[in-house]
S.K.: 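Dumping the structure here so I can ask a few things about it.
Per chain, numbering begins at 1; letters A, B, ... match sequence-line order. All of these numbers come straight from a predicted model, not from anything done at the bench.
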Protein chains: 2
Amino acid sequence: MPVELTPSQALGLWHAVSREQVRVDSRDLTLRQMAILLEIYLVPPPHSVRGLAATLGVTKPVITRALDTMGALGLVDRVRDQRDRRNVIIKRTVEGALYLEKFGDLIINQGRKL
Amino acid sequence: MPVELTPSQALGLWHAVSREQVRVDSRDLTLRQMAILLEIYLVPPPHSVRGLAATLGVTKPVITRALDTMGALGLVDRVRDQRDRRNVIIKRTVEGALYLEKFGDLIINQGRKL
DNA sequence: TCCGATCGTTACGCAAGCGTTTCTTTCAAG
DNA sequence: CTTGAAAGAAACGCTTGCGTAACGATCGGA
């Protein structure tokens, strides 16, 4: 089920959502952090640091730092993989799910207003 | 002409666009910078520092700094208002228009893939 | 038991954004 | 003129993210 947008709608939607998000949320997640967060919540687990790094085309420390920050905000969690203890499994949290749910509502509502 | 999105489509669109933007563009504009840039290009001029600050609910230095950064990238320009020389008028640039045009295409293409 | 490879983290110096405060220029009302 | 307000920029110290390089822990095959 594709979404067909005109150029005006596409940029208008991004504009409205960005503006409202800036107005509402003092937590200013970077584009990278947001991309990581969405990857974790929208793609089936498990998620690893190296996997996210490869998917987004960034280095591993970028992922580690983003997880540090978002972990402190309660948006994600990390657990050692007991089957291969070199790995870290990235976990979703209730707070993170709520955060994205609210963000999705913002997108939907701004889309309706276009 | 509203845009009707399901929660899955809304977050899926943001996810896909963020991911591709991270992969493609090393210029990592913050959400605030992006909101300012879109405001300048989508809302009829003239634009002033104080006006943008009020619209986005941030302080003036935030706007000044964002304009410094995006000005250095060639995405916006600043000109003194000759009618009231206290004001600065923020101008669009060809490069900025191209940047947003490409970004709009990215949104449209990712929307189609949902 | 090694020992090289892999995974995630940490350390380093640097660049950029933040909020608050202060400054400079300019305007306009008295 | 003088003076108070307004607009934008600059200064301050701080925090956070960056890329690169090095590190410790862990695995798995020789």
Side-chain angles (χ1 to χ4, degrees), chain A residues 18-19 21-40 45-92, chain B residues 18-19 21-40 45-92:
Chain A
S18 300
R19 187 187 51 213
Q21 184 69 4
V22 166
R23 293 186 65 92
V24 164
D25 196 352
S26 61
R27 281 176 295 197
D28 196 19
L29 293 193
T30 68
L31 186 65
R32 284 175 164 187
Q33 290 169 343
M34 189 51 121
I36 293 167
L37 190 65
L38 285 164
E39 187 79 19
I40 293 168
H47 295 287
S48 65
V49 171
R50 74 189 176 289
L52 292 172
T55 300
L56 295 171
V58 298
T59 60
K60 289 189 296 176
V62 167
I63 306 295
T64 295
R65 280 188 296 251
L67 294 178
D68 287 345
T69 301
M70 295 192 292
L73 294 174
L75 300 177
V76 297
D77 199 4
R78 275 184 281 198
V79 177
R80 274 282 161 199
D81 182 355
Q82 293 305 328
R83 302 161 52 108
D84 182 343
R85 297 180 47 77
R86 289 173 300 181
N87 294 344
V88 162
I89 299 175
I90 293 131
K91 298 283 195 185
R92 302 169 184 169
Chain B
S18 301
R19 187 187 52 213
Q21 184 69 4
V22 166
R23 292 187 66 92
V24 164
D25 197 350
S26 60
R27 280 176 296 196
D28 196 18
L29 293 193
T30 69
L31 187 63
R32 284 174 165 189
Q33 289 168 344
M34 190 51 120
I36 293 168
L37 191 65
L38 286 164
E39 187 79 20
I40 293 168
H47 295 288
S48 65
V49 171
R50 75 189 174 289
L52 293 172
T55 299
L56 295 171
V58 298
T59 60
K60 290 190 296 178
V62 167
I63 306 295
T64 295
R65 279 189 295 254
L67 295 178
D68 287 344
T69 301
M70 294 192 291
L73 293 174
L75 300 178
V76 298
D77 200 3
R78 273 184 283 196
V79 177
R80 273 283 161 196
D81 182 356
Q82 293 305 327
R83 303 157 55 104
D84 182 342
R85 296 180 49 75
R86 289 174 298 183
N87 294 344
V88 161
I89 299 174
I90 292 131
K91 298 283 195 186
R92 301 169 184 170

S.K.: Which whole-number value in Å describes the distance from A:D84 CG to C:dA5 P?
M.R.: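 Going from CG in A:D84 over to P in C:dA5 covers 17 Å.
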S.K.: Hey, where on DNA chain D does chain A first and last touch, going 5' to 3'? Cut-off is any atom under 4.0 Å from a heavy atom.
M.R.: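 Endpoints of the contacted stretch of DNA chain D: D:dG17 to D:dC27.
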S.K.: Once rounded to the nearest 0.5 Å, what's the spacing between atom CZ of B:R78 and atom OG1 of B:T64?
M.R.: 6.0 Å
S.K.: About how many Å separate CZ of A:R65 and CG of A:L67, when rounded to the nearest 0.5 Å?
M.R.: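 Interatomic distance, A:L67 CG to A:R65 CZ, rounded to 0.5 Å: 11.5 Å.
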S.K.: Kindly point out which of C:dC7, C:dG19, C:dT26 is positioned nearest to the side chain of B:R32?
M.R.: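 Of the options given, the side chain of B:R32 lies nearest C:dG19.
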S.K.: Quick check: on DNA chain D, is the nucleotide nearest B:V49 upstream (toward 5') of the one nearest A:Q82, or the reverse? Name the residue that is more 5'.
M.R.: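 Per heavy-atom nearest nucleotide, the more 5' residue is B:V49.
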S.K.: Test your reading of the model: is there a side-chain donor-acceptor pair from A:R86 to the backbone of A:D81, 3.5 Å cut-off?
M.R.: no
S.K.: Could you tell me how far apart A:D68 (CG) and C:dA11 (P) are, to the nearest whole angstrom?
M.R.: 12 Å
S.K.: In whole Å, I'd like the distance from the CG atom of B:L56 to the P atom of C:dC18.
M.R.: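 That distance rounds to 12 Å.
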S.K.: Side chain of A:R65 only, please: which of C:dT20, C:dA11, C:dT9 is the nearest?
M.R.: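 The answer is C:dA11.
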S.K.: With a cut-off of less than 4.0 Å, is there a side-chain N or O of B:Q33 near OP1 or OP2 of C:dG17?
M.R.: yes
S.K.: CG of B:N87 versus P of C:dA28: gap in Å, rounded?
M.R.: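 Result: 10 Å.
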S.K.: Nearest 0.5 angstrom please: B:E39 CD to B:I63 CD1, how far?
M.R.: 9.0 Å
S.K.: Can you tell me the distance, in whole Å, between the CG atom of B:D81 and the P atom of C:dA28?
M.R.: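 Result: 11 Å.
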S.K.: Would you kindly compare A:R80 and A:T59 by the position of their nearest DNA chain D nucleotide and give the one closer to the 5′ end?
M.R.: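 Upstream on the strand: A:T59.
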S.K.: For B:R86 and C:dT26, give me the distance from atom CZ to atom P, rounded to whole Å.
M.R.: 11 Å
S.K.: What integer distance in Å separates B:L67:CG from C:dC18:P?
M.R.: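 Distance check: B:L67 CG to C:dC18 P gives 12 Å.
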S.K.: Just the rounded figure in Å: distance from P of C:dC18 to CG of A:D25.
M.R.: 14 Å
S.K.: Any side-chain heavy-atom pair from B:H47 and B:L52 closer than 4.5 angstrom?
M.R.: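 SC-SC contact between B:H47 and B:L52 confirmed.
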S.K.: Would you say A:R50 reaches C:dG8's phosphate, i.e. side-chain N/O to OP1/OP2 under 4.0 Å?
M.R.: yes
S.K.: Side chains of B:R50 and B:S48 only: does a donor on one sit below 3.5 Å from an acceptor on the other?
M.R.: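 Present: a donor and an acceptor within the cut-off.
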S.K.: OP1, OP2 of C:dG17 versus side-chain N and O of B:T30: anything below 4.0 Å?
M.R.: no
S.K.: A:R80: what forms a side chain to side chain contact (heavy atoms under 4.5 Å, CB included) with it, not counting sequence neighbours?
M.R.: A:Q82, A:V88
